[in-house]
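These notes concern the structure reproduced below.
Quantities reported herein were computed from a predicted structural model and do not represent experimental measurements.
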Amino acid sequence: MQATWLTIGLLTLSNVFMTFAWYAHLKELGSKPWLLAALVSWGIALFEYLLQVPANRIGYTVMSLGQLKILQEVITLTVFVPFAVLYMKEPLKLDYLWAGLCMLGAVYFMFRSRVG
């Protein structure tokens, strides 16, 4: 159980870095050359990988590859929505809720063998 929580924590931190690497340049470097944005994003992504690789290694000791991937996607959506709304000033839409409900279905199907 400890490995699962450590995996979740590391993947969450990793996703924060990933989300900023992928999207913050749209707000902060929109008027700069794309190459500069790519290099800055690459630098941020290094920290993402320093967290994501150990998270996946730890998680793979207690979860299947499919379970690990679905967990990653749920965490991605959980990190992305506040980022989009609070940092990027995007409107909060019901579509995020519907996407989250679809993800819950995916979680059910990937983890149902562990529950029952």
Between CG on residue L6 and CD1 on residue I58, distance to nearest 0.5 Å: 4.0 Å
Membership question, hydrophobic clusters at under 4.5 Å side-chain separation (ILVMFWY): are Y60 and W5 in the same one? yes
Kindly determine whether L92 and V81 satisfy side-chain contact (heavy atoms from CB on, under 4.5 Å), including the steps that lead there. CA-CA 8 Å; L92 182 60; V81 172; 4.0 Å; yes
Transitively linked via ILVMFWY side-chain contacts under 4.5 Å: M103 with V85? yes
Following the transitive rule for hydrophobic clusters with a side-chain heavy-atom cut-off under 4.5 Å over Ile, Leu, Val, Met, Phe, Trp and Tyr, establish whether L50 and F17 coincide in one cluster. yes
Among residues two or more places apart or on two chains, list those pairs meeting ring-ring contact (aromatic ring centres under 6.0 Å, His included) that have a residue in residues 75-102. F20-F83, F20-Y87, Y23-F80, F83-Y87
Considering non-hydrogen atoms only, spot the tightest contact between Q67 and S113 and give its length. NE2-OG, 4.3 Å
Rounded to the nearest 0.5 Å, how far apart are CG of L65 and CD1 of I70? 10.5 Å
Derivation and outcome, side-chain contact (heavy atoms from CB on, under 4.5 Å), residues T7 and M63: CA-CA 10 Å; T7 299; M63 289 178 250; 4.1 Å; yes
Please determine which of L11, T76, N56 meets the side-chain contact (heavy atoms from CB on, under 4.5 Å) test together with L71. L11
Closest non-hydrogen contact found for A45 with A21 is N-CB, 4.0 Å
Separation between CE (M18) and OG1 (T12), nearest 0.5 Å, reads 10.5 Å
Among the clusters formed by ILVMFWY side chains lying less than 4.5 Å apart, do L36 and L46 turn up in the same one? yes
Between S14 (side chain) and L10 (backbone), is there a donor-acceptor pair under 3.5 Å? no
Enter the distance from T19:OG1 to I44:CD1 here, rounded to the nearest 0.5 Å. 11.0 Å
Taking the side chain as every heavy atom from C-beta outward, state whether M88 and L26 have any pair of such atoms under 4.5 Å apart. yes
Evaluate the side-chain proximity of V62 to M1: yes if any heavy-atom separation is below 4.5 Å, no if none is. no
Joint cluster assignment, V16 & W42, ILVMFWY side-chain distance < 4.5 Å: no
All heavy atoms of A3 vs all of T61, minimum pair found to be CB-OG1, 4.3 Å
In Å, rounded to the nearest 0.5 Å, how long is the span from OG1 of T78 to CD of E73? 11.0 Å
d(Q52 CD, R57 CZ) to nearest 0.5 Å is 10.5 Å
